Amino acid sequence: MKKLMTGNEALVRGAWEAGVLVASAYPGTPSTEIVENMSMHKEVYSEWAPNEKVAMEAAIGASIAGVRSLAAMKHVGLNVAADPMFTYAYTGVNGGMVIITADEPGQHSSQNEQDNRNYARAAMIPMLEPASSEEAKNFMIEAYEISERFDTPVLMRMTTRACHSKGIVECGERMEKAPVKPYEKNAQKYVMVPAFAKQRRVEVAARMKRLKAFSEETPMNFVEDNGSKTGVITSGMCYSFAKEVFGDDVNYLKLGFTYPLPTEKMTAFCKDLDTIYVIEENDPLLENEVKKLGFAVKGKDIFPEYDEMTSDVIRKSVYGNAFDTIDYDKAKVVPRPPALCAGCPHRGFFYELGKRKNVMVTGDIGCYTLGFAEPYNAMDSCICMGAAFSTGHGAAKAFEKKGENTRVVGVMGDSTFFHTGINSLTECLYNESKTVSVILDNRITGMTGHQENPGSGKHANGSEANMIDIETVCRALGAKNIKTIDPNNLNEVKETLDWALELDAPSVIITKWPCVLKKFSDDDKAHFPDAYKTKDVVDAEKCIGCKKCLKTGCPALFVNRETKKAEIDSLQCVGCGVCEQVCPTHAIGKED
């Protein structure tokens, strides 16, 4: 049976066919769809973990217990999960374990661009890089065999294009019986006190030698000999891009098993070539290895050091021109910067926060990061998941040392709070900084597509879950000054910010209103019975064209070019009421 699948769907199919029984992840583009699709397979226990570290640890626990498991995350998520991964590289596995890292050359939805191939080298674990959906499925099956054969976790490196592009996949059947192994106590293998860790380090070195020999023989690394004196060495999606540019005019060394590298095969490939191109995204890892072998190559001297290595980029780097495309007047293309959705519950809060003077706002990762932009200008930093409160704490202490009275407001979402924000808030409370810590609770993991989290009351498969109450957690941590508010009520937001900023102690504000894109869920109707019932309209006779309503940044609002008066797009408006409260002439109200 053949199916059209994205790379993420194909990874899931491969893991399912390989008999995986436990899958854990934290959502993050471009990896999100992995557990979303895995949760459809009832044979597999699939979950959203609070963060990538605990997802990794859950998969490790399942592996030690004797079943095949996987952990999936985006590239920055592996930074969070690196601690347990490095140690599990020492212990080795019981049931096979695969770690999926979805890298993002080009930073389409990320705060940085990092090359997680470096993690395989640092942790001393094997790495696979599929170039298509078909390979993604097949490599997953092979990865579990490698994991158990060599007693090691395996890193499966994907990139944005590999995750989201589609291809034909030949689907097989799930193993008749999922491979399981008995659990046996083995402290010397799994308890990494220094004495045992020293012994396991010797095992890791021996394992690397066996994996090196395997890299030379595996069909995942292969040569396409087209009789050319020009060769291309590449891996992952770069292989697909290179094929679009060079076709069959060059020879290829296509690497699918990329750590440890098959240096003997690389040497044999290069020795009779006149020109060698090494095509890879981000760091010159392959290039440096080929140079070590004594060959001159064309690599980062002609190809970009960063961003995606698409076919157009490769062609322009080699031939000086891109593929022919339809020309158009680029000046006529209207820019569309990202914006908070119409009715977003973060809008009212940022509208009021942006008015504050002498306030530093430390932000976090989520939809609400858009609070930095016009018209709010209400965010001054964004570093990583869970950093808002602890970054704000450090800034507040610095302002105190400088003798300045600048106040600090930290802002993060509910999913981020459960991810690493609890530790961040603990820092503020334990070390007593006069920070205002704001948790924007829209009851979902919004930015990555509405995945569940510990505060949403649902599991990954949609079943009912224990709903962890954020205010209760904050009080348990020791927070004494807490208020929970409706962010659409501008007076309440203003008064609460005034209250918090006047305190000479840590405070917590929780804004509670559901994400507008999930407004029709029965669960939210029960908790917010008055939400999104009536749209807003403009009374043209009362409107004076002052445009103050536009300063809320709502995309449903616009000014009619002819009448110069405000209007509301009824298809976008959900009646949050923020614009009503801003209008000085009360020209905006609910429709009849």
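Along the sequence shown, the residues carry numbers beginning at 1. In this text, all values refer to a predicted model and were calculated from it rather than measured experimentally.
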(message) Check this for me, if you would: do E280 and R117 make a salt bridge, where the nitrogen-to-carboxylate-oxygen distance has to be below 4.0 angstrom?
(response) yes
(request) Kindly compute the distance separating CE (M192) from CZ (R201), expressed to the nearest 0.5 Å. (result) 13.0 Å
(request) Measure the CD-CG distance between E129 and N116 for me, rounded to the nearest 0.5 Å. (result) 10.5 Å
(message) Return the CD1 to CE distance between I279 and M237, rounded to the nearest 0.5 Å.
(response) 13.0 Å
(request) Salt-bridge test for K300 and E287: reply yes if a basic N is under 4.0 Å from a carboxylate O, no otherwise. (result) no
(message) Working note: T29 + K74, criterion side chain to side chain donor-acceptor pair (under 3.5 Å); need CA distance, chi angles, decisive distance, verdict.
(response) CA-CA 6 Å; T29 305; K74 67 182 293 174; 5.6 Å; no
(message) For G413, is there any backbone N or O sitting under 3.5 Å from a side-chain donor or acceptor partner on Y368?
(response) yes
(message) Looking at S63 and G95, would you say the former's side chain and the latter's main chain have a donor-acceptor pair under 3.5 Å?
(response) yes
(message) Just to verify, what does F246 make a ring-ring contact (aromatic ring centres under 6.0 Å, His included) with, not counting sequence neighbours?
(response) Y277
(request) May I have all residue pairs that pass ring-ring contact (aromatic ring centres under 6.0 Å, His included) and include part of residues 62-106, sequence neighbours excluded? (result) none
(request) Could you tell me whether the side chains of Q114 and N112 share a donor-acceptor contact shorter than 3.5 Å? (result) yes
(request) Output all residues satisfying side-chain hydrogen bond (donor to acceptor under 3.5 Å, both in side chains) with T263, sequence neighbours left out; order by chain, then residue number. (result) K212
(request) Enumerate the residue pairs fulfilling salt bridge (Lys or Arg N to Asp or Glu O under 4.0 Å) with a member in residues 80-98, sequence neighbours excluded, ordered by first and then second residue. (result) none
(request) Just do the side chain to side chain contact (heavy atoms under 4.5 Å, CB included) check on E43 and W16 with the steps written out, would you? (result) CA-CA 8 Å; E43 306 92 336; W16 179 78; 3.1 Å; yes
(message) Under 4.0 Å between a side-chain nitrogen and a carboxylate oxygen: does that hold for E224 and K254?
(response) no
(message) Between R121 and D283, does any NZ, NE, NH1 or NH2 come within less than 4.0 Å of an OD or OE carboxylate oxygen?
(response) no
(request) Take V44 and V22 through the side chain to side chain contact (heavy atoms under 4.5 Å, CB included) test and state the conclusion after the steps. (result) CA-CA 6 Å; V44 182; V22 175; 5.9 Å; no
(request) Under the ring-ring contact (aromatic ring centres under 6.0 Å, His included) rule, collect the residues that match up with F417, sequence neighbours excluded. (result) none
(request) Can you sort out the partners of F214 under ring-ring contact (aromatic ring centres under 6.0 Å, His included), two or more places apart, ordered by chain and number? (result) F150, F257
(message) Whether R315 engages the ring of F323 as a cation-pi pair (distance to the six-membered ring centre under 6.0 angstrom, angle to the ring normal within 45°) should be assessed.
(response) yes
(message) So does A388 get a backbone contact from the side chain of T362, meaning a donor-acceptor N/O pair under 3.5 Å?
(response) yes
(message) For the backbone of V93 and the side chain of D151, can you confirm whether one donor and one acceptor N or O come within less than 3.5 Å of each other?
(response) yes
(message) Can you tell me how far apart CD1 (I34) and OG (S39) are? Round to the nearest 0.5 Å.
(response) 12.5 Å
(message) Within the 3.5 Å criterion, strictly below it, is a donor on Q451 or T445 matched to an acceptor on the partner's side chain?
(response) no
(message) Test side chain to side chain donor-acceptor pair (under 3.5 Å) on E464 and H459; report intermediate values, then the result.
(response) CA-CA 6 Å; E464 294 295 321; H459 290 126; over 6 Å; no
(request) Classify the side-chain pair S463/N461 by whether it contains a donor and acceptor separated by less than 3.5 Å. (result) yes
(request) To the nearest 0.5 Å, tell me how far N282 CG sits from D103 CG. (result) 7.0 Å
(message) Between H419 and E52, do the side chains contain a donor N or O and an acceptor N or O under 3.5 Å apart?
(response) yes
(message) How about OH on Y430, more than 12 heavy atoms from neighbouring residues, nucleotides or ligands closer than 6.0 Å, or not?
(response) no
(request) State whether R68 and E145 are salt-bridged, where the test is any N-O pair (Lys NZ or Arg NE/NH1/NH2 against Asp/Glu carboxylate O) under 4.0 Å. (result) yes
(request) Can you establish whether the number of heavy atoms outside K298 located under 6.0 Å from its atom NZ is more than 12? (result) no
(message) Using a 3.5 Å distance criterion without hydrogens, assess whether the side chain of N226 forms a donor-acceptor pair with backbone atoms of D249.
(response) no
(request) Dump the intermediate steps for side chain to side chain donor-acceptor pair (under 3.5 Å) on E47 and Y45, then the final yes or no. (result) CA-CA 7 Å; E47 68 173 22; Y45 169 74; 2.6 Å; yes
(request) Apply side chain to side chain contact (heavy atoms under 4.5 Å, CB included) to the pair H164 and N8, showing each step before the final yes or no. (result) CA-CA 7 Å; H164 292 160; N8 282 343; 3.9 Å; yes
(request) Compute whether any side-chain donor of one residue and acceptor of the other, for N138 and E134, lie under 3.5 angstrom apart. (result) yes
(message) Run the side chain to side chain contact (heavy atoms under 4.5 Å, CB included) test on D248 and K243 for me, step by step, so that the C-alpha distance in whole Å, both residues' side-chain angles and the decisive distance to 0.1 Å come before the verdict.
(response) CA-CA 8 Å; D248 295 331; K243 290 283 283 187; 3.5 Å; yes
(request) Using modelled atom types only, decide if a donor and an acceptor are shared between the side chain of N118 and the backbone of D115 within a distance under 3.5 Å. (result) yes
(message) So, taking the atom named SG in C382 and the one named CE in M412, what distance separates them when rounded to the nearest 0.5 Å?
(response) 10.5 Å
